[in-house]
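Notes for the one structure printed next.
Note that the structure is predicted; figures quoted are calculated from it, not measured.
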Amino acid sequence: MCGKTTCTLAPDEVSRACSYRSRGGQRREPRWREGDADKYRPSYNKSPQSMSPVLLSHRHFDKTAPVDECVLASMRWGLVPAWFKENDPSKMKYSTNNCRSENILEKKTYKDPLIKGQRCVILADGFYEWRRQEKDKQPFFIYFPQTKGTSEEKTEDEDDPMTSTRNKENSETACPPELASPNSTQGGEPGEWTGWKLLTMAGLFDCWTPPGGGEPLYTYSVITVNASKSLESIHDRMPAVLDGEEEVRRWLDFGDVKSLDALKLLQSKNSLTFHPVSSLVNNSRNNSPECLQPVDLNSKKEPKPTASSKMMMSWLKSSAPSKRKDPDTGESPEEKGIKAEAQSKSAGGLQQWLQGANKKPRTK
């Protein structure tokens, strides 16, 4: 299943992170739907009913848009079907946060959006999952490996179980944006994003309008599949992950890729890595960098970093804090001055970057 996610990139970074190539081969950055960038807030601990960044075909909003054009939108987690007749969506008597891939065609709530081509991609840094233990549950943060190029020298912990699921064909380099210059252009088009690789999860969305009239509400459900071999020790289900631009393109192309063919993309994939995190994430009120901090299950000391967590912490620690502003206050790091410096000095590696990046999300 998928019960909580995290997405800490700023709105403009989300756009750059999910850039894509058009049918003509040009790299494009999807624009936010009007007003939706303001509805999204970065968060370390995002729960159902919160607003999340979603990628989808622009043709859902503009039938004259190019067939291959994508757009970003903010949608609420927890699908409310268009046919729901109550005035308050919270009166729904069943959960629609997740949708089992095996049952999509059996339930009207999901079958209708699927037939209409209302397929979307939910974007996140990663998601949290809990492994049952004797008396409690241990949370894990699960995400795409932030891999270096294949020419990199093998590290001593590359065979660590937590990194054994690395996608060997993924040669994308994750490095600080001030070094990679993700804003640079070549031939007049956006430079390819070299920062944090967002997790791309398959979903369905619907648009509900209150019976008495009012603003339409766009909501989504995360599609789940059986857990892969690498994750089944944590939970028996996982989000249906779309790995790579081509899979994302096919899932969103509801014109050329029919529903039954699109469903074939929903497979269990050994392309994710993970690390244990603190039980702080159990409470949705805890919305801080500590939610992502790796913990050692056998010791109170700071754990030895694995190859994959080194990549994650390197990117997060070094990511262009000077280019970001707090989504709550609009302040830059320079404007926060001594306060930001003090926070940075007292934080761990991952926490330093997250606090230094001044992405202080609002708790929903």
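Counting heavy atoms from C-beta outward, Leu217 and Pro89 have side chains that approach closer than 4.5 Å. Side-chain contact between Phe84 and Pro211 is absent, with no heavy atoms from C-beta onward closer than 4.5 Å. Looking only at side-chain heavy atoms (C-beta outward), Val281 and Trp130 come within less than 4.5 Å of each other. Using a 4.5 Å cut-off on side-chain heavy atoms (C-beta onward), Tyr44 and Pro289 make contact. The side-chain heavy atoms of Ser228 and Lys269, taken from C-beta on, include no pair separated by under 4.5 Å. With a 4.5 Å cut-off on side-chain heavy atoms, Leu72 and Val54 do not count as touching. With a 4.5 Å cut-off on side-chain heavy atoms, Lys116 and Phe254 do not count as touching. Side-chain atoms of Val71 and Ser57, non-hydrogen and from C-beta on, never get closer than 4.5 Å to each other.
When the side chains of ILVMFWY residues are joined at heavy-atom separations under 4.5 Å, either directly or via intervening members, Leu260 and Leu242 end up in a single hydrophobic cluster. Under a hydrophobic clustering in which Ile, Leu, Val, Met, Phe, Trp and Tyr are joined whenever their side-chain heavy atoms come within less than 4.5 Å, directly or via other members, Val248 and Leu263 fall into the same cluster. In the hydrophobic clustering of this structure, Phe205 does not group with Trp208; members are Ile, Leu, Val, Met, Phe, Trp, Tyr whose side-chain heavy atoms approach within less than 4.5 Å, directly or through other members. Taking hydrophobic clusters as Ile, Leu, Val, Met, Phe, Trp and Tyr residues chained together by side-chain heavy-atom distances below 4.5 Å, Tyr20 does not share a cluster with Val241. Residues Trp77 and Tyr94 do not share a hydrophobic cluster, clusters being chains of Ile/Leu/Val/Met/Phe/Trp/Tyr side chains in contact below 4.5 Å.
A salt bridge links Arg16 with Asp12; the closest basic N to acidic carboxylate O contact falls under 4.0 Å. Ion pair Lys39/Asp36 flagged as a salt bridge, since at least one NZ, NE, NH1 or NH2 atom sits closer than 4.0 Å to an Asp/Glu carboxylate oxygen. Comment: Asp68 does not engage Arg249 in a salt bridge, judged by the lack of any side-chain N to carboxylate O separation of less than 4.0 angstrom. By the 4.0 Å N-to-carboxylate-O rule, Glu232 lies too far from Arg131 to be salt-bridged with it. One finds no salt bridge joining Asp253 and Arg250 here, because no Lys/Arg side-chain nitrogen approaches an Asp/Glu carboxylate oxygen to under 4.0 Å. With salt bridges taken as basic N to acidic carboxylate O contacts below 4.0 Å, none links Lys197 and Asp125. Between Arg27 and Glu245, at least one side-chain N (NZ, or NE/NH1/NH2) sits under 4.0 Å from a carboxylate O, which counts as a salt bridge.
Across every non-hydrogen atom of Cys7 and Tyr40, the tightest pair is O-OH, 3.3 Å. Contact between Gly212 and Asn87 at its shortest, heavy atoms only, is N-OD1, 3.9 Å. Closest of all the heavy-atom pairs between Ser95 and Tyr110 is O-OH, 4.0 Å. Counting all heavy atoms, side chain and backbone alike, Met238 lies closest to Leu231 at CE-CD1, 4.0 Å. Scanning both residues, Gly203 and Ile122, for their nearest heavy atoms gives CA-CD1, 3.5 Å. When all heavy atoms are compared, the tightest approach of Asn283 to Lys4 is C-NZ, 3.7 Å.
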- request: Applying side-chain contact (heavy atoms from CB on, under 4.5 Å), run through Lys111 and Leu114 and close with a yes or a no.
  value: CA-CA 5 Å; Lys111 182 179 179 180; Leu114 180 69; 5.7 Å; no
task = Would you check, one step at a time, whether the test salt bridge (Lys or Arg N to Asp or Glu O under 4.0 Å) holds for Lys264 with Asp261?
result = CA-CA 5 Å; Lys264 296 176 183 178; Asp261 291 328; 3.6 Å; yes
With side-chain contact (heavy atoms from CB on, under 4.5 Å) as the criterion, how do Leu123 and Thr200 come out once you've worked through the C-alpha distance, each side chain's angles and the decisive distance to 0.1 Å? CA-CA 5 Å; Leu123 305 168; Thr200 43; 3.8 Å; yes
query = So Asn45 and Ser43, side-chain hydrogen bond (donor to acceptor under 3.5 Å, both in side chains) or not? Walk me through it.
reply = CA-CA 5 Å; Asn45 195 355; Ser43 175; over 6 Å; no
Exercise for the section: Please assess Leu56 against Cys70 for the test side-chain contact (heavy atoms from CB on, under 4.5 Å), listing each intermediate value before the final yes or no. Expected result: CA-CA 6 Å; Leu56 67 164; Cys70 294; over 6 Å; no
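Looking only at atom types and distance, the side chain of Arg21 has no donor-acceptor partner in the side chain of Gln26 under 3.5 Å away. Arg76 and Thr219 are not linked by any side-chain donor-acceptor pair at a separation below 3.5 angstrom, with hydrogens and angles left out of the test. Using modelled atom types and a 3.5 Å distance limit, the side chains of Thr96 and Tyr220 yield no donor-acceptor pair. The closest side-chain donor-acceptor pair between Ser268 and Asn226, if any, does not fall under 3.5 angstrom.
In this structure, CD on Glu246 lies 9.0 Å from CG on Leu265, to the nearest 0.5 angstrom. In this structure, the separation between OG on Ser74 and CZ on Arg41 is 9.0 Å, given to the nearest 0.5 Å. Between Lys137 atom NZ and His235 atom NE2 the span is 7.0 Å, to the nearest 0.5 Å. With values rounded to the nearest 0.5 angstrom, Thr6 atom OG1 is found 11.0 Å from Leu199 atom CG. The distance from the SG atom of Cys18 to the CD atom of Glu13 is 12.0 Å, given to the nearest 0.5 Å. Annotation: the span from Leu292 atom CG to Leu280 atom CG amounts to 11.0 Å, rounded to 0.5 Å.
Aromatic ring orientation, Tyr218 versus Phe61: perpendicular (interplanar angle above 60°, classes split at 30° and 60°). Classified by interplanar angle (parallel below 30°, tilted 30° to 60°, perpendicular above 60°), the ring pair Tyr128/Phe141 is tilted. The aromatic rings of Phe274 and Phe140 sit perpendicular, their planes meeting at an angle over 60°, well past the 30° parallel limit.
Side-chain atoms of Arg59 come within 3.5 Å of backbone atoms of Ala65 as a donor-acceptor pair (strictly under, hydrogens ignored). The closest donor-acceptor contact from the side chain of Glu86 to the backbone of Lys91 lies at 3.5 Å or more, if one exists at all. No side-chain donor-acceptor contact under 3.5 Å links Asn97 to the backbone of Pro48. In this structure a side-chain-to-backbone donor-acceptor pair under 3.5 Å is missing from Thr8 to Pro42. A distance-only check finds a donor-acceptor pair linking the side chain of Glu247 to the backbone of Asp243 [under 3.5 Å]. At least one donor-acceptor pair closer than 3.5 Å links the side chain of Lys46 to the backbone N or O of Met51. Ser101 places a side-chain N or O within donor-acceptor distance of the main-chain N or O of Thr224, the cut-off being under 3.5 Å. A donor-acceptor pair is defined here as one N or O able to donate and one able to accept, closer than 3.5 Å; such a pair exists between the side chain of Arg119 and the backbone of Trp251.
More than 12 heavy atoms of other residues, nucleotides or ligands sit less than 6.0 Å from atom CD of Gln133. Counted within 6.0 Å of CZ on Arg23, heavy atoms from surrounding residues, nucleotides or ligands total more than 12; the atom is thus considered enclosed.
Aromatic pair Tyr143/Trp196: ring centres closer than 6.0 Å.
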